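Right, one structure below, let's go through it.
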Amino acid sequence: MKKITLPEHSKLLDKSFLFGVATSSFQIEGARDSRLKSIWDTFCETPGKIIDKSNGLVACEHIERWLEDIDLIQSLGVDTYRFSISWPRVMHEDGSLNHEGLGFYIQLLDTLNARGIKPFVTLYHWDLPQFIEDNGGWLNRETAYLFQDYVDKVSLFFGDRVHSYATFNEPFCSAYLGYEIGVHAPGKTGVKSGRQAAHHILLAHGLAMQVLQKNSPSSLNGIVLNFTPCYPADDSESSLKAADYANQYINHWYIKPLLHGEYPAMLAELPDDQKPDIEANDLQIMAQPLDFLGVNFYTRLTYSAPTVTDFSDPEKSPFYTEHAHLHPQTDIGWEIYPQALTDLLTKILSDYNLPPIYITENGAAMADELVDGAVHDNSRIDYYQSHLLAVHEAAEQGVQIDGYFAWSLMDNFEWAEGYLKRFGLVYVDYQTQQRILKDSALAYQAFLLSRTHNDNHVNK
Ligand code: FCB
């Protein structure tokens, strides 16, 4: 079996560097309890939205199998586990707490803590309660305040059980995929709508950070952003310009308000009827100090000059043309290009005064085959190996990176792709719910358990 290794002196082998696995509520939990409907339940019911016509009602049955899953997590030798809280599971429609749902997470948190596995909690991984969407969802400014209220109540309830809180997972995906091009729930479209949703999510983040710093000052409080580095398709001036625009629209749109309290300059180039409504002080609220920034990385994209000049089709930008993914690709069609992860981390370090970074997601969908009870996913091991080296390289170049999470612990509901794309270290047989460690899980486990730890850094 292939191995995962890092140079002996690597900062990733310091005691303070945390390795983990990640999941999210809707993708694994299932819904056989009192949880309310979320926008993803509705989206799954909408014909044509999910490739295999599946839904999250059963998923990995994690609600029933959580203890077995914690055993699995522990067996991997990880330091930390990143998972998300399902807002519709822990709150009733009248804004009161749902104690049955909270009880589930308390059990999970207590068991993780008892076993020395640090809980990294994400408060929003896309499953907005449907009743809130019925009032406009992220297009309604009021949702930002409902989010703050949810975070206030839940963080008080969890007390000191949580090692780290991330307010949001990937605002880009919620806003752009969900409200601008409509390929994710709730399936709305329009540039103004996408930009408005992004604005309200970033506002909600700032409001929630204020509450977290009050209710839970000793946890690491921050946010998780996804980055898809944008490269010019060739050396021409016009491709460079297009890649820069894409980078502003896709990546800096989210990090810049958080760290600099302003949107990228290209906001001014959007027609007025596509700009988000922004109220006085919103940007100050967004730019709360962060204890950490979570970076999710999977791939990169290439760009050249735009082919359209009007703003009417949200899928075609008047600023750039986005090219199809180059090869080699994973099973979901995303280019494998680990150098982009080093480039990204060193570039954002030069652009911003960064808080400590955690790589909160990284991994690959591969066409796994279960043969005689084993999955020989060498290509996934290669992906992890090359990307861990890319993180190591960025750390060598001065980026403070404090942790790395593999996406994902186990195969799960991959959004619009349904169950067809497998990202897990652990194979899930959806007929029997049996979990089977793939070779990549065994390689990750062997790597984690072999750490002897450098002592270059003080332990946290
Ligand atoms: C990220 C999501 C995560 C998972 C991976 C493959 O964008 O945060 O839930 O779907 O992609």
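The basis for the numbers below is simple: all heavy atoms, side chains too, and nothing from hydrogens, waters or symmetry mates. Treat the numbers as computed from the prediction; the structure is a model and nothing was measured.
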Roughly how far, to the nearest 0.5 Å, is NE2 of His376 from CE of Met1? 10.5 Å
Check whether any side-chain heavy atom of Ile250 lies under 4.5 Å from a side-chain heavy atom of Glu322, and answer yes or no. yes
Short side-chain to backbone donor-acceptor contact, Thr299 and Glu335, under 3.5 Å: yes
Out of curiosity, Ile39 CD1 to Phe26 CZ, how far, rounded to the nearest 0.5 Å? 9.5 Å
Check for a donor-acceptor pair, side chain of Asp377 on one end and backbone N or O of Ser440 on the other, with a separation under 3.5 Å. yes
Asn296 side chain vs Asn226 backbone, donor-acceptor pair below 3.5 Å: no
State, yes or no, whether a side-chain contact exists between Leu123 and Leu212 at a heavy-atom distance under 4.5 Å. yes
So Lys2 and Asp382, salt bridge (charged side-chain N to carboxylate O under 4.0 Å, His left out) or not? Walk me through it. CA-CA 8 Å; Lys2 288 198 168 194; Asp382 289 342; 2.8 Å; yes
Give the minimum heavy-atom separation between Pro119 and Phe83, together with the two atoms involved. CB-CE2, 4.1 Å
Flag yes if more than 12 heavy atoms outside Asp235 fall under 6.0 Å of its CG atom; otherwise flag no. no
Of His163, Arg451, Lys15, the one forming a side-chain hydrogen bond (donor to acceptor under 3.5 Å, both in side chains) with Asp79 is Arg451
Report the distance from atom CG of Leu341 to atom CZ of Arg300, rounding to the nearest 0.5 Å. 13.0 Å
Show, in sequence, the C-alpha distance, side-chain angles and deciding distance for His184 and Trp40, and conclude whether the ring pair (Phe, Tyr, Trp, His ring centres under 6.0 Å) test is met. CA-CA 8 Å; His184 275 189; Trp40 272 93; 5.1 Å; yes
Expected output: side-chain Thr342 to main-chain Ala390 donor-acceptor under 3.5 Å: yes
Could you check whether Glu133 pairs with Lys37 (Lys NZ or Arg NE/NH1/NH2 to Asp/Glu carboxylate O, under 4.0 Å)? no
Main-chain N/O of Asp110 paired to Asn113 side chain as donor or acceptor, under 3.5 Å: no
Is Tyr176 reaching over with its side chain to a backbone N or O of Tyr249, donor-acceptor style, under 3.5 angstrom? no
Could you tell me whether the side chain of Pro7 reaches within less than 4.5 Å of the side chain of Leu389, counting heavy atoms only? yes
From Asp234 CG over to Tyr303 OH, what is the distance, rounded to the nearest 0.5 angstrom? 14.5 Å
Hey, can you tell me if Tyr404 and Tyr384 have their rings parallel, tilted or perpendicular (30° and 60° cut-offs)? perpendicular
Would you check if His325 and Leu301 make a side-chain contact, meaning some heavy-atom pair closer than 4.5 Å? yes
Candidate pair Ile336 and Thr330, rule side chain to side chain contact (heavy atoms under 4.5 Å, CB included), full reasoning: CA-CA 7 Å; Ile336 302 172; Thr330 63; 3.7 Å; yes
Is there a side-chain contact between Glu414 and Gln27 in this structure, where contact means two heavy atoms from C-beta onward sitting under 4.5 Å apart? yes
Is a side-chain N or O of Asn362 found less than 3.5 angstrom from the main chain of Phe297, in a donor-acceptor match? yes
Does the side chain of Gln400 reach to within under 4.5 Å of the side chain of Leu349, using non-hydrogen atoms? no
From Leu425 atom CG to Ile381 atom CD1, the distance as rounded to the nearest 0.5 Å: 9.5 Å
Grab the two heavy atoms, one from Gly137 and one from Leu128, that are nearest each other, plus how far apart they are. CA-CD2, 3.8 Å
Donor-acceptor pair, side chain of Glu361 and main chain of Phe405, under 3.5 angstrom: no
Nearest heavy-atom neighbours spanning Leu6 and Leu12: CD1-CB, 3.7 Å
Between Ala175 and Gly194 the two heavy atoms that sit nearest each other are CB-O, 3.6 Å
Show your reasoning for whether salt bridge (charged side-chain N to carboxylate O under 4.0 Å, His left out) applies to Arg380 and Asp331. CA-CA 10 Å; Arg380 184 176 287 105; Asp331 191 42; over 6 Å; no
Search all heavy atoms of Ala243 against all heavy atoms of Pro232 and return the closest pair with its distance. CB-N, 3.6 Å
Could you tell me how the ring of Tyr263 sits relative to the ring of Trp253: parallel (under 30°), tilted (30 to 60°) or perpendicular (over 60°)? tilted
Main chain of Ser16, side chain of Asp14: is a donor-acceptor contact present, judged purely on distance under 3.5 Å? no
Check the pair Arg115, Asp71 against salt bridge (charged side-chain N to carboxylate O under 4.0 Å, His left out), reporting the backbone distance first and the verdict last. CA-CA 10 Å; Arg115 299 192 187 190; Asp71 289 343; 2.6 Å; yes
So does Ile223 get a backbone contact from the side chain of Thr167, meaning a donor-acceptor N/O pair under 3.5 Å? no
When the ring planes of Phe17 and Phe19 are compared, do they come out parallel, tilted or perpendicular, using 30° and 60° as the limits? tilted
When the ring planes of Phe413 and Trp415 are compared, do they come out parallel, tilted or perpendicular, using 30° and 60° as the limits? perpendicular
What do the steps show when you test Val191 against Glu180 for side chain to side chain contact (heavy atoms under 4.5 Å, CB included), and what is the final call? CA-CA 5 Å; Val191 173; Glu180 191 158 329; 4.0 Å; yes
Taking ring-ring contact (aromatic ring centres under 6.0 Å, His included) as the definition, give me every residue that meets it alongside Tyr105, ordered by chain and number, with sequence neighbours left out. none
Under the rule for ring-ring contact (aromatic ring centres under 6.0 Å, His included), what residues qualify as partners of His260, not counting sequence neighbours? Tyr352
Heavy-atom closest pair, residues Asn251 and Cys230: ND2-SG, 3.7 Å
Does the plane of the ring in Tyr124 sit parallel, tilted or perpendicular to the ring in Phe168? Use 30° and 60° as the thresholds. tilted
Would you sort out whether Asp69 and Arg435 count as a salt bridge (charged side-chain N to carboxylate O under 4.0 Å, His left out), showing the intermediate values? CA-CA 9 Å; Asp69 290 337; Arg435 278 81 160 128; 2.9 Å; yes
If you measure from OG on Ser84 to CG on Asn169, what distance do you get to the nearest 0.5 Å? 8.0 Å
Is there a side-chain contact between Tyr81 and Val21 in this structure, where contact means two heavy atoms from C-beta onward sitting under 4.5 Å apart? yes
Is the ring pair His392/His9 parallel, tilted or perpendicular, if the boundaries are 30 and 60 degrees? perpendicular
Parallel, tilted or perpendicular: ring planes of Phe423 versus Trp334, cut at 30 and 60 degrees: tilted
Kindly indicate whether the side chain of Glu29, heavy atoms from C-beta on, has any atom under 4.5 Å from the side chain of Ser86. yes
